[in-house]
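What follows is a single structure, written as C-alpha cells, with notes after it.
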Amino acid sequence: MKPQTLVEKIFAKKVKEPIVPGSAYFQVPVDLVLGHDATVALLIERFRKTGRHIWDPSRCFFAADHFAPPSTPERADILNRYLGFVKEESVPQEQLFRGISHQLLIEDRRCRPGMVICGADSHTVMAGATGCFATGLGSTDIMAVLLTGKAILPVPETIRVEIDGRLPPWLFGKDLALEIIRRIGEGGAVDRVFEYEDNAGLSMDGRFTVSNMSVEAGATAGIFVPDGILENYLERRDGNLRQDEDDWLLPDPEARYAHEMLIDVENVPPLVALPGGLDRIVPAGEVEGQRVDQIFIGSCAGGRIEDLAIAARVLKGRRVAPGVRLVVTPASQTIYAECLKNGIFQTLTEAGAMITNSSCGACGGIDKGLIGAGEVCLSTSNRNFRGRMGSPEGLIYLASPLTAAAAAVRGTLTDPRDIFEEVRKSA
Amino acid sequence: MSGPAAKTIEGPALVMGDNVNTDELHPSRFFSLDDAKVREGFMQANADYNRLGQTDLSGRIILAGENFGCGSSRETGARVFVLAGIKAVVARSIARIFGRNTRNLGLPTLECPDLPEHLENGLGVRIDLDRWTLRLGSSENELPLKSLDPYWKEVIAKGGLMSFLGFKEA
C-alpha cells in the first residue's frame, strides 16, 4: 500500500472507500462533536425546524465558555437558549461552566489518538496535540454533523514540521507557534494539515499551544505524532486505561508531504506578533520599550498551568508595573484549582494581578479585560486582529507567557531573557 | 437560506485586501441571534470599509486578496454577508472555514488566483458559473475561476448545505 501521512492514516481507518488526498470530499464518521454556548446557539432554531434529534448525544462534548457567566441580558438569553437545547437533546452537562471547551476536551479521557473530532469553533484544532484529527467548522456544518454523525471533508495534504534541538528554558510553545506562522505565512497552510514531529521534547502544554495556533496559518488541523510524552500524559490523565493499539497511528516513513519544514529550537528567539494580524512576527527585542496598558494571560492558547506557573515565577517578589493591569484567566477549573493549591494565585495576587473565572473572557472581546482606543495589550492568546479585544483603535501584541510576565513587571515590551536570568539566579 | 444560485452574477465590486479576518468582517460584539443586530456589525472593524463610510452595499460582489475570511468559525461572520445582500465573494484565496460557512448558506465564494491587485470599488463584475470565469469592467478579458469540487457546486446550486442534505428549514 502507498505510504501515508498521519492524517491519511486516520481518514483511511474511518472512511470505508479508498481515500485520495487533495480536493475530493468524503463522508467521515465523527467520534466527538465539540460545542459551546455561542456557536451552538446559532443553529438551534434551524435545527428544531428539521424535526430531528442529535444522532448520538453521548458523542457531544458541550461546554459553556463564552457567556459564562453572561455579562449582558442578551448574552444571558443566548446562554439560556443553549442550556435549554442541551437538556432537550439529552446532551451530557458535566462540561458546562467548567472552563474553555478546548481545554476541557484535552483534559477528558474521550480525547484520544486516532480519533476524528469536529468542533463548532476554529480552535478545535488544539486537540491535535493528542494525535487525533480535530478540526473547526461553522454552525451549519456542525448542525449537519449533529443530524447525521458524519462530516463532509476532503483529506487534506500534509505539511510536515520537524522540531529539533535542545529546548532553551525561556522558549515556549507560543514562540514556536509564532515561528511556524512567521515562516509559512498567515494563510500558508490553508486546506492543509500540519504534522508535527517533536524531537525537542516540548511539554504537552506547549504542544497544545502549537496545535491550537495551527489554524492561524490557515491549517485544517495540527497533529502531533504520538510519542512517549503523549503516552505519559494519557497515563497521568486516564490512569491505567489501556491504550487501543489500533488507534496509536503513526505516519509511514516514506509518506509524501506537500511541504516539509525544520525548526531548530536553538535558533528561535522569544517572538512577538505585532498588532493587526499574524503577518508581522518579530523577535521580542525589536519592540523593546513599547508601552503596555494591559497584559492578558489566558485563553485556550495561553492559560494553562505552564503559562501561569512561569508568570508566577517571574512575578514572585515583584510587582506589576504601576498603572498596568494584569488580567489572568485560567483556561479551566482544573487549572484554577491547581493554582489555588500550589500557591500560584497567592503569588500573582500579591504581585497585583486580577484573576478571573475560567472562560474565554478577554480573548474574544467578551468580558473582563477589553481595551479602549489607543490602548496597548500584550496577550498570550491566539489572535491580535483589529478590534478583537474591544476598540478597533486598540492594539494587541501576542507573545509567550514569559514575555507577557516580563512586560507586566517592566510596563513595556522586552526580550524576557534578562529577567528570566535574574529569576533563575534568585531561585 | 438564500435560494438556488443564478448561473450569472453581476454587480459592482467592493474591494478588500489580503488576510481580511473575521473579527474585522464582523466584530464579536455584534454576535447575536437577532438578524438586525448581526447586520449592523458588517465590516465594522475593517479599515477599508470604514473609509468608505456608511453606504448600502447590497448587490455588491466582494473582490479580495489572499486568505479572505481567516480566523473565527462564528457563522455570524458569514451570515452577515447574506443579510447585507452581498451577491458573491471572489478572492485570490479563501480561508477554509469562511469558504465552507458562506457556501453552506448558499453564497458563491470563489477563488480567482489571477485576480489583479489595486482594483477600484464600484468596478463592474460579471461571474459566469457555467464557464467558471470572471469579467471585470468593460474588459474583454476573462479571468479563470478556480474550479470548485462537484460537492460545493451542488451545495451552492441547491442554495446551501441543509437543502443539499434534504433537511427542511422552514
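Chain A is the first sequence line, chain B the second, and so forth, proteins listed ahead of strands; every chain is numbered from 1.
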Could you check A:M213 against A:M126 for side-chain contact (heavy atoms from CB on, under 4.5 Å), going step by step and ending with a plain yes or no? CA-CA 8 Å; A:M213 292 192 66; A:M126 187 174 114; over 6 Å; no
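- Heavy atoms closer than 4.5 Å to chain B are found in both the backbone and the side chain of A:I152.
- Among the candidates B:T22, B:N101, B:I97, B:N21, the residue making the largest number of heavy-atom pairs closer than 4.5 Å to chain A is B:N21.
- Contact annotation for A:R48: neither backbone nor side-chain heavy atoms come within less than 4.5 Å of a heavy atom of chain B.
- For A:R52, the CZ atom counts as loosely surrounded, since its 6.0 Å shell holds 12 or fewer non-hydrogen atoms of other residues, nucleotides or ligands.
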Apply ring-ring contact (aromatic ring centres under 6.0 Å, His included) to the pair A:F26 and A:F11, showing each step before the final yes or no. CA-CA 9 Å; A:F26 297 89; A:F11 273 63; 7.7 Å; no
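- Among A:G138, A:P154, A:A41, the residue making the largest number of heavy-atom pairs under 4.5 Å with chain B is A:G138.
- B:T133 and B:R126 are not linked by any side-chain donor-acceptor pair at a separation below 3.5 angstrom, with hydrogens and angles left out of the test.
- Donor-acceptor pairing under 3.5 Å is recorded for the side chains of A:S71 and A:R75.
- With contacts defined as side-chain heavy-atom distances shorter than 4.5 Å, the pair B:L107/B:V89 qualifies.
- Proximity to chain A among residues 33-43 of chain B is limited to B:L33, B:K37, judged by heavy-atom separations below 4.5 angstrom.
- Contacts of A:D141 with chain B are made by both backbone and side-chain atoms, with heavy-atom separations under 4.5 Å.
- When each of A:S122, A:G187, A:P392 is scored by its heavy-atom pairs under 4.5 Å with chain B, the top score falls to A:S122.
- Neither the backbone nor the side chain of A:S391 has a heavy atom closer than 4.5 Å to any heavy atom of chain B.
- For B:N46, the part lying near chain A is the backbone, with the side chain staying farther off; criterion is any non-hydrogen pair under 4.5 Å.
- Taking A:I44, A:L147, A:V190 one by one and counting their heavy-atom pairs under 4.5 Å with chain B, the maximum is reached by A:L147.
- Annotation: residues 138-154 of chain B contacts chain A through B:D149, B:Y151, B:W152 [non-hydrogen atoms, separation under 4.5 Å].
- Two residues are said to be in side-chain contact when any heavy atoms from C-beta on lie closer than 4.5 Å; A:N80 and A:I78 fail this criterion.
- Heavy-atom distances place no part of B:A78 under 4.5 Å from chain A, backbone and side chain included.
- In summary, the side chains of B:R100 and B:S73 do not present any donor paired with an acceptor at a separation below 3.5 Å, with no hydrogens or angles considered.
- With contacts defined as side-chain heavy-atom distances shorter than 4.5 Å, the pair B:C112/B:R92 does not qualify.
- Within the 4.5 angstrom heavy-atom criterion, only side-chain atoms of A:R383, from C-beta onward, approach chain B.
- In this structure, a donor-acceptor pair under 3.5 Å is absent between the side chains of B:H26 and B:Q44.
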Go through B:F81 and B:F98 one step at a time and tell me if the ring-ring contact (aromatic ring centres under 6.0 Å, His included) criterion holds. CA-CA 11 Å; B:F81 280 70; B:F98 180 81; 5.3 Å; yes
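- The candidate from A:T39, A:L42, A:T148 with the greatest count of non-hydrogen atom pairs under 4.5 Å with chain B is A:L42.
- Contact count versus chain B (heavy atoms, under 4.5 Å) is highest, among A:D191, A:T220, A:L370, A:T50, for A:T220.
- A donor-acceptor pair under 3.5 Å is absent between the side-chain atoms of A:N384 and the main chain of A:L398, judged by distance alone.
- Of the atoms belonging to B:S72, heavy atoms from both backbone and side chain fall under 4.5 Å from chain A.
- Of all the listed residues (A:G51, A:A120, A:G390, A:A38), the one sharing the greatest number of non-hydrogen pairs under 4.5 Å with chain B is A:A38.
- Taking every heavy atom of both residues into account, A:K150 and A:P29 meet most closely at CG-CA, 4.1 Å.
- Side chains of B:N19 and A:E186: a donor on one and an acceptor on the other come within 3.5 Å.
- At a 4.5 Å heavy-atom cutoff, the contact between B:N67 and chain A is made by side-chain atoms alone.
- Between A:F67 and B:F31, the two ring planes are tilted [angle within 30° to 60°].
- A side-chain donor from one of B:S32 and A:E74 sits under 3.5 Å from a side-chain acceptor of the other.
- Residues B:F68 and B:S93 form no side-chain contact, since every pair of their non-hydrogen atoms from C-beta on lies 4.5 Å or further apart.
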